[in-house]
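Some notes on the structure that comes next.
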Number of protein chains: 2
Amino acid sequence: MAIESKPEAVILTEIMLTVFRVNGRLLEKGDELVEPLNLTSARWQVLGAVALAGNPLSAPQIAEAMGITRQGAQKQINKLKEDGFFEQSPNTRHQRSPLYALTELGNRTFAKVMYLEAAWANGLVASLPLQDLKKTLKTLNAVYERLDSPVPKKGARS
Amino acid sequence: MAIESKPEAVILTEIMLTVFRVNGRLLEKGDELVEPLNLTSARWQVLGAVALAGNPLSAPQIAEAMGITRQGAQKQINKLKEDGFFEQSPNTRHQRSPLYALTELGNRTFAKVMYLEAAWANGLVASLPLQDLKKTLKTLNAVYERLDSPVPKKGARS
DNA sequence: CCATTATTGGAAACTGGTTGTCAATATTTA
DNA sequence: TAAATATTGACAACCAGTTTCCAATAATGG
């Protein structure tokens with residue numbers, strides 16, 4: 001027996017499918033964008049987490065900032081260190097858990113990435129009204145918040 | 001030297017980050033939703049591709065419909081067949097490339113999934129205005145289309 | 001009709017993430 | 001202070017996707 005679907009739910013389902021498609025495309029294009037800099041979307045994100053923090057971070061802190069697991073972050077960190085984007089310094093607070101900071105190369109590269117990203121985004125928004133973009137961001141964030149909590153009961157306030 | 005960022009580009013960048021987060025959450029919640037049915041988000045999607053087609057499909061056709069590679073689709077197909085959701089029939093048009101259709105179990109399961117998804121989406125849209133959802137879908141689709149083409153030149157028509 | 005080219009499934013290696021285990025180090029608490 | 005607990009890095013196995021290579025089968029065209 002089919003359930004009674006609200007028209008809102010139908011649109012939301014379409015939004016979900018579009019989010020999947022956009023997500024895939026963004027990773028693809030992001031990889032292309034930073035490929036000349038010897039980066040990938042994943043490593044760009046890790047680089048950004050440390051760059052935006054402004055101070056050296058440990059692996060668990062980077063994972064926390066990115067919303068991924070400690071081990072997942074560690075994999076990218078190790079590669080970034082290997083390729084000279086990160087340098088390691090001792091952590092006075094935890095002997096086994098070093099801190100990571102951007103090297104000169106890391107900083108130079110991240111600056112280039114920011115430049116490329118800005119140029120890309122500027123080209124992408126051509127003829128998209130600012131109001132539409134703002135409303136979209138607001139709605140997506142609302143959906144995201146609802147995805148946090150379990151199925152809300154009918155009539156539950158807030 | 002920092003680039004001149006349009007305010008639209010700034011919002012678009014935030015939308016991108018939100019899309020990443022929403023995408024992750026959707027997969028997570030989707031996995032939870034269909035876990036009792038011995039499915040995952042990935043296998044649900046393959047099941048859906050064949051169910052919605054209405055007729056048996058070959059592996060390359062399923063991949064095409066899903067926008068993933070032939071080999072990626074094949075992995076899920078093999079598991080779905082193994083678990084009794086798909087049955088294989090000979091393809092008169094290509095001896096080495098069988099067609100896949102839903103078994104009785106496959107159909108029953110997909111019906112349950114649709115029910116669960118509808119209930120979930122209905123609960124999720126509480127207090128989200130239909131107009132906002134429609135505008136969001138439209139804007140996301142516009143972004144998606146722009147992601148297709150390379151950097152559009154200023155003044156390019158259509 | 002035969003030779004070239006395209007499609008297909010299988011297997012393996014890779015990316016980027018997950019979970020789980022282990023031993024070492026920190027931290028908390030009794 | 002000593003014991004229990006939590007955090008951490010290394011490692012391995014797994015999921016979901018990718019690319020690459022192979023051999024078999026279709027399809028095309030000379």
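Here is how names work: the chains are called A, B, and so on, in the same order as the sequence lines, proteins then strands, and each is numbered from 1.
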| said: Take a 6.0 Å sphere around NZ of A:K135 and say whether it holds more than 12 heavy atoms from other residues, nucleotides or ligands. | reply: no
| task | Take atom CD of A:E14 as the centre, draw a 6.0 Å sphere, and report whether it contains more than 12 heavy atoms from other residues, nucleotides or ligands. | result | yes
To the nearest Å, how far apart are [X] [atom1] and [N] [atom2]?
X     : N      : atom1 : atom2 : result
B:I68 : D:dA16 : CD1   : C1'   : 9 Å
B:I62 : D:dG17 : CD1   : P     : 13 Å
B:W44 : D:dC15 : CH2   : P     : 20 Å
A:N38 : C:dT15 : CG    : P     : 12 Å
B:L39 : D:dC15 : CG    : C1'   : 15 Å

| request: Check every atom of D:dA16, C:dT7, D:dT8 against the side chain of B:H94 and return the nucleotide holding the closest atom. | output: C:dT7
| message | What's the closest nucleotide to the side chain of B:P98 if the choices are D:dG17, D:dA10, C:dG9? | response | C:dG9
| So does A:Q71 reach the base of C:dG20 with its side chain, donor to acceptor, closer than 3.5 Å? | yes
| query | Looking at C:dT8, does its base get a donor-acceptor pair with the side chain of B:R96 below 3.5 Å? | reply | yes
| said: Once side-chain hydrogen bond (donor to acceptor under 3.5 Å, both in side chains) is applied, do any residues pair with A:Q88, and if so which ones, sequence neighbours excluded? | reply: A:K81
| query | Between A:T40 and A:D31, is a side-chain hydrogen bond (donor to acceptor under 3.5 Å, both in side chains) present by the stated rule, with each step listed? | reply | CA-CA 5 Å; A:T40 62; A:D31 279 341; 4.8 Å; no
| request: Remember a base hit wins even if backbone is also touched, and classify A:S58 as base, sugar-phosphate or nothing at under 4.0 Å, heavy atoms. | output: nothing
| When we call it a touch if two heavy atoms are under 4.0 Å apart, what does B:S41 touch: a base, just sugar-phosphate, or nothing? | nothing
| Going from CG on A:L37 to CZ on A:R43, what distance comes out if it is rounded to the nearest 0.5 angstrom? | 11.0 Å
Are [X] and [N] close enough that a side-chain N or O sits under 4.0 Å from OP1 or OP2?
X     : N      : value
B:S97 : C:dG9  : yes
B:K75 : C:dG9  : no
B:T69 : D:dG17 : no

| Mapping A:R93 and B:P60 to their closest nucleotides on DNA chain C, which lands nearer the 5' end? | B:P60
| field | 5′-ward residue of the pair A:N91/A:G67 relative to DNA chain C | value | A:G67
| note | Comparing nearest nucleotides in DNA chain D, the 5'-proximal residue of the pair B:R70, A:A59 is A:A59
